[in-house]
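One-based numbering, in listed order, for ligands and for the atoms of each. If you read the sequence from its start, that first residue is 1, and numbering goes on from there.
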Amino acid sequence: MTSIDHVGVAVADLAGAIAFYESTLGLRLTHTEVNRSSGITEAMLAGDEPGACLQLLAPTTPSSVIAKFLDRSGPGVQHVAFRVDDLEAVSGSFRTSRVRMLYEHAVAGTSGSLINFAHPKDCGGVLIELVQPAPPAPSDQ
Ligand code: CO
């Protein structure tokens, strides 16, 4: 684990939620992305200093996990994401500790990252996301 990467919040009204966090908390929108395979539109917001981001998640289809979350629990915190250097290694150590992972292998996450989720029943009721960021683009080096 290197840091908390972001906190994921399920919302029904993405534009309204972005406006709330921009105007009330002074966060700024840094990235939006549509994940068609999971039926989610997401928006990343950040503060002025480096640190964890806020990830707003809105469903694009009724079958999306976010739609089901909103039906069950209403809007609110859906997951906490931890940044790791080696996702497969951390997933392996979770499994050794009898923490079930949602996917057998990492799947594509935001901005070219690799992600996997640990089962909330094995993590004190918290849906934990592991994020291995994409390697920096050559222009960033
Ligand atoms: Co996330």
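When you scan the N, O or S atoms of His6 for the one nearest the Co ion (ligand 1), you land on NE2. Checked against the Co ion (ligand 1), the N, O or S atom of His79 at the shortest distance is NE2. Taking the Co ion (ligand 1) as reference, the nearest N/O/S atom within Glu129 carries the name OE1.
Linking Ile, Leu, Val, Met, Phe, Trp and Tyr residues whenever their side-chain heavy atoms come within less than 4.5 Å places Val99 and Leu130 in a single cluster. A continuous path of hydrophobic side-chain contacts links Leu25 to Leu45 [ILVMFWY only; heavy atoms under 4.5 Å].
The Co ion (ligand 1) has an N, O or S atom of Gln55 inside 2.8 Å of it. Within the 2.8 Å limit, Asp5 places no N, O or S atom next to the Co ion (ligand 1).
In this structure, Ile4 places its CD1 atom where only 12 or fewer heavy-atom neighbours from other residues, nucleotides or ligands lie under 6.0 Å away.
When Gln132, Arg83, Gln55 are each tested for a side chain to side chain donor-acceptor pair (under 3.5 Å) with Asp5, only one passes: Arg83.
Under the 3.5 Å distance criterion, the side-chain polar atoms of Asn116 are matched with a main-chain donor or acceptor of Tyr103.
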